[in-house]
Structures are given as structure tokens and as C-alpha cells.
Amino acid sequence: QVHLVESGGGLVQPGGSLRLSCAPSGSAFAIDTMGWYRQAPGKQRELVASIESGGSTNYADSVKGRFTISRDNAKNTVDLQMNSLKPEDTATYYCYMTIWVRRWTAYWGQGTQVTVSS
């Protein structure tokens, strides 16, 4: 019923920046937590950053000071600004949102690839 669509991934050199965006299909949602996970080849999926409806944020230690998560509650979007990118940031990044559709339900995007390489 609800689909999350990510954009903004791509290839960037170390030290560069990318901005990921995610938006759900449809409108008039009630959304609680928004966030981003990532998964690199051979590794477990890990939480990168999350943001609550009131604006509280949480970041993985590995990205603190480099990444910034933000949300636009009017547009139902969540962004991830990624600066000072490192090769170890290379992964598929997945957006998620907890949305009220008859009950609180977690929805996931299809993933967008971020590659940091020289």
C-alpha cells in the first residue's frame, strides 16, 4: 500500500558529499520515526541515523559529525546529508518510516547505492 522511494545515491570521491532523500507514495500520512539503514557487502544491516517526530536524532558512531538527518513533516520526506564521505561508507542505503496505516507499521525503501571510491 505504501512505497518508500529513495533518491540521491551515486558515486562520489572520498571527502565528497551526497544528499539522500526519501518520500512515501500517497499523502496525508501520520509518520513517527524516520531513518536510514545501510548494508555493505558481507556485513549486517546497520542503523545510520534516525529522527523522531519531535526532532530528536540518533546517529551511528561511525557517522557522527559527518552525516545529518532531517525531516519535512509537511512533505513527509526524510533526508540524509552525507559529508566527508569515506570508502567505508559504501553501501546500499535504505530508508524506513513508521507510518500509521490502521496500525503503526514500518515501511522500507528499495535501497539506493552509495559508492565512495577514488
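- Donor-acceptor pairing under 3.5 Å is lacking for the side chains of Ser118 and Gln13.
- Partners of Asp72 under the side-chain contact (heavy atoms from CB on, under 4.5 Å) rule, at least two apart in sequence or in another chain, are Ala74, Lys75, Thr77.
- Under the side-chain hydrogen bond (donor to acceptor under 3.5 Å, both in side chains) criterion, Ser25 pairs with no residue at all, not counting sequence neighbours.
- Among pairs with a residue in residues 45-95, none fulfils ring pair (Phe, Tyr, Trp, His ring centres under 6.0 Å), at least two apart in sequence or across chains.
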Audit row: Ser50, Met34, side chain to side chain contact (heavy atoms under 4.5 Å, CB included) steps and yes/no: CA-CA 6 Å; Ser50 64; Met34 296 178 170; over 6 Å; no

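- Under the 4.5 Å side-chain criterion, counting only non-hydrogen atoms from C-beta, Met97 is in contact with Cys22.
- Thr115 meets the side-chain hydrogen bond (donor to acceptor under 3.5 Å, both in side chains) test with Gln113; sequence neighbours excluded.
- Checked against Val114 for a side chain to side chain contact (heavy atoms under 4.5 Å, CB included), the options Thr90, Leu20, Thr92 give a single hit: Leu20.
- By the 4.5 Å heavy-atom criterion applied to side chains, Thr105 and Ile99 are not counted as neighbours.
- By the 4.5 Å heavy-atom criterion applied to side chains, Gln39 and Glu46 are not counted as neighbours.
- Using a cutoff of 4.0 Å between basic side-chain nitrogens and carboxylate oxygens, Lys64 and Asp61 are scored as salt-bridged.
- Cation-pi check for Arg19 over Trp36 is not met; the charged atom does not lie both under 6.0 angstrom from the ring centroid and within 45 degrees of its normal.
- Considering only heavy atoms from C-beta on, Ile31 comes within 4.5 Å of Arg71 through its side chain.
- The salt bridge (Lys or Arg N to Asp or Glu O under 4.0 Å) contacts involving residues 3-16 comprise nothing, where partners must be two or more places apart or lie in separate chains.
- Residues passing the side-chain hydrogen bond (donor to acceptor under 3.5 Å, both in side chains) test with Ser21, sequence neighbours excluded: Asp79.
- Aromatic rings of Tyr96 and Tyr37 (six-membered ring for Trp) have centroids within the 6.0 Å cut-off, being under it.
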